[in-house]
Amino acid sequence: MGIRRLWKGVGRICGVAAAATAVDMASGIRLALRESPTVELRLDWLANDAERSKLLRWVRQHHPPGATFLATCRRKGAGGRFAGDIEAQLYWLIRAREVGCQWCDIEVETLRKLPRQSAREHAVPPRIMLSVHDFRQTPELTQSIRLPSHSEVDAVKIAAHSRTIGDSVRLLRWARRSKDCIAVPMGEIGLPARILALREGSALAYAPVADSTAPGQVSLRELKHLYRAHQLNRRTQVFGVIGNPVGHSLSPLMHNSAFIAKKVNAVYLPFLVKDLRDFLAAVPEFGIRGFSVTIPHKQKILKYLKQCDPLAADIGAANTVVVRRDGSLAGSNTDYVGVLRSLKQRLDLAKSRVLVFGAGGSGRAAAFALARAGASVAVCARRERVAHELARAVGGEILPRRALRTEVFDAVLNTTPVGMYPHTEVSPLSLGELHCRIVMDLIYRPERTQLLKLATSKGIATVSGIEMFLAQGIVQWELWTKRRAPEAVMRHAVLAALRTEASLKSTPLRRAR
């Protein structure tokens, strides 16, 4: 029987339980079983043999019917934590069979050193997964990996680090054409492909319950409930956000929450993009229908667009792209809408003087939005030439940084990434540079940036970047789906995440008992 028939539905998501103590490992197994009946036991993570014995005794006593346990005791030489030799490794896998583990994972480095390259002569769990790990790169899958006879194993797993998006595409191609295989793209660049792996033919997808056991992982709960990896199919529309960095983005949470609420067969993924051409080459491979664009690609993306909204062309930056049926790209700018919606209720823009601090893609969108609404725009940026160009384009003025200590504005907008998660303790502007009625920070994570805290301490009204983030995201979602966005759902999802994060940071650590 093929392994795809053995693992079905949510069982194709394998929760990874990994901890130093048997108590913590047992807790992880319980949490994993709430989400999936398939759980990998990382015996190599346990601190010593005594903890391994305790854990296996617990498994014998608490093995629920219908659960599938996969035992792994990966040696250090193959990227694991087990310090013992092959004989000791096999001993623990044999013990795992005795307590009911149906599967074991044996790395290729171990199998090659066994007599006749066979583990079936040992009383390990009856189903054997051969694993190949490359933590540095994605190898040439058809040439450099020579595997033992398939009769010696029941499944082959290849986990490889993706240095480019093209690497992860190659690994998914291998999954499509191979039988009884598991593809695990590793690293942040490989994360979208890791989520799409089940759709592409991989029999399993791995996700940690708590501690990450490999680079570029998402938690078990996120993989199941936010990305719905086990439900994705060839009809699933793929969207995403491209940027560098991109790990801080709450766009996946916002857009996927909307897809779930509206029962749309679509998924939104975070793409860490260092090279635009690398990403664009993968668009047809992944079946991407549209994507958001963030730092540093908002201006660079313009040269790849077949059609560009006139406003985005004037701004010189696009943050939203639609992939047409013929594969061509159409771009627009929804940051513009976000700025206007955030400030119109608070200011009569036609009578206001506004400072735009920063002249990147977001700064350009803000300056054009304000100028077209009738505001008098001043631009201040680290790169003077770029600031001059933007000020000239919107009919505004250019200000040197030193002038901010005396100039007065109705509003100040920070459009730089300074103060963005995880570097939340810095502010792009000092208290002495804030002479205005309103300060708006386009950063939305954290919700209350250091800049906004400084403004509040001076009695200045503040506008969080969350307002712009939500406004531009809602317009994006409607452009892609041609449906009305569930605004309340999107707002609730993002605000709940930000406030939970803030609450956790403000809670003092307590000594574990």
Side-chain angles (χ1 to χ4, degrees), residues 243-245 274 276 293-303 308 310-319 331 333 335-336 338-340 342-343 347 349 352-420 423-444 449-452 454-455 458 460 463 465 468:
N244 184 17
K274 297 180 179 180
L276 265 176
V293 187
T294 187
I295 296 170
H297 303 305
K298 289 185 179 184
Q299 292 164 279
K300 297 175 186 175
I301 192 66
L302 292 181
K303 69 178 181 179
C308 185
L311 178 57
D314 288 345
I315 292 172
N319 77 317
N333 195 305
D335 284 339
Y336 182 99
V339 171
L340 290 184
S342 301
L343 288 177
L347 283 175
L349 290 175
S352 298
R353 185 185 187 215
V354 183
L355 171 69
V356 174
F357 188 70
S362 296
R364 292 185 66 84
F368 272 86
L370 294 165
R372 293 199 175 191
S376 173
V377 178
V379 179
C380 179
R382 177 175 53 84
R383 296 176 296 167
E384 288 189 15
R385 181 182 61 81
V386 176
H388 272 286
E389 290 175 357
L390 177 56
R392 186 167 57 250
V394 299
E397 60 182 314
I398 177 74
L399 288 178
R401 179 73 181 258
R402 62 182 179 276
L404 302 189
R405 293 202 166 270
T406 55
E407 294 283 342
V408 177
F409 307 94
D410 293 290
V412 170
L413 273 68
N414 172 47
T415 70
T416 77
V418 178
M420 182 173 70
H423 307 293
T424 59
E425 300 305 314
V426 295
S427 171
L429 295 168
S430 67
L431 198 61
E433 294 173 314
L434 301 179
H435 306 291
C436 56
R437 293 192 289 132
I438 296 175
V439 170
M440 179 176 177
D441 198 336
L442 269 57
I443 293 170
Y444 64 88
T449 62
Q450 190 66 21
L451 173 63
L452 296 186
L454 286 177
K458 198 173 181 178
I460 301 171
V463 181
M468 175 178 168

* Asked: Between Y444 and G465, what is the shortest heavy-atom contact and its length?
  -> CB-C, 3.6 Å
* Rounded distance [0.5 Å steps], CG in L454 versus CG in L434 -> 6.5 Å
* Would you sort out whether N333 and L311 count as a side-chain contact (heavy atoms from CB on, under 4.5 Å), showing the intermediate values? => CA-CA 7 Å; N333 195 305; L311 178 57; 5.6 Å; no
* Asked: Counting distance only, does the side-chain N/O of K458 pair as donor-acceptor with the main-chain N or O of L431 below 3.5 Å?
  -> yes
* **Student check: side-chain heavy atoms of P296 and N244 closer than 4.5 Å** => yes
* Closest heavy-atom pair and its distance - V386, A359 -> CG1-O, 3.5 Å
* Shortest non-hydrogen separation from P417 to I295 and the atoms involved -> CB-CD1, 3.9 Å
* Structure fact -> Heavy-atom nearest pair, L390 first then G358, reads CD2-O, 4.4 Å
* To do: Run the numbers on L413 and V339 for side-chain contact (heavy atoms from CB on, under 4.5 Å), then give the verdict.
  => CA-CA 10 Å; L413 273 68; V339 171; 4.1 Å; yes
* Taking atom NZ of K274 as the centre, report whether more than 12 heavy atoms of other residues, nucleotides or ligands fall under 6.0 Å from it. => no
* Asked: Just one of V379, D335, L442 clears the side-chain contact (heavy atoms from CB on, under 4.5 Å) bar with T415, so which one?
  -> L442
Scan the side chains in residues 370-377 for donor-acceptor partners under 3.5 Å anywhere in the protein, sequence neighbours excluded, and list what turns up.
| residue | atom | partner | partner atom | Å |
| --- | --- | --- | --- | --- |
| R372 | NH2 | D314 | OD2 | 2.8 |

* Nearest 0.5 Å please: distance from the OG1 atom of T449 over to the CD atom of E425. => 11.0 Å
* Should H423 and Q450 be marked as a side-chain contact (heavy atoms from CB on, under 4.5 Å) after you check the CA-CA gap, both sets of side-chain angles, and the distance that decides it? -> CA-CA 10 Å; H423 307 293; Q450 190 66 21; over 6 Å; no
* **Which residues share a salt bridge (charged side-chain N to carboxylate O under 4.0 Å, His left out) with R385, sequence neighbours left out** => E389
* **Validation row: R364, Q299 side chains within 4.5 angstrom (heavy atoms)** => yes
* **CA sep, side-chain torsions, deciding dist, call: I443, L452, side-chain contact (heavy atoms from CB on, under 4.5 Å)** => CA-CA 10 Å; I443 293 170; L452 296 186; over 6 Å; no
Return a table of donor-acceptor pairs under 3.5 angstrom between the side chains of residues 396-411 and protein atoms on other chains or two or more places apart.
| residue | atom | partner | partner atom | Å |
| --- | --- | --- | --- | --- |
| E397 | OE1 | R353 | NH2 | 3.4 |
| E397 | OE2 | R353 | NE | 3.1 |
| E397 | OE2 | R353 | NH2 | 2.9 |
| R401 | NE | E433 | OE2 | 2.7 |
| R401 | NH2 | P428 | O | 2.9 |
| R401 | NH2 | E433 | OE1 | 3.1 |
| T406 | OG1 | A403 | O | 3.3 |
| E407 | OE1 | R353 | NH1 | 2.8 |
| E407 | OE1 | R353 | NH2 | 3.0 |
| D410 | OD1 | R437 | NE | 3.4 |
| D410 | OD1 | R437 | NH2 | 3.3 |
| D410 | OD2 | R353 | N | 2.7 |

* Euclidean distance, N414 CG relative to L451 CG, rounded to 0.5 Å -> 5.5 Å
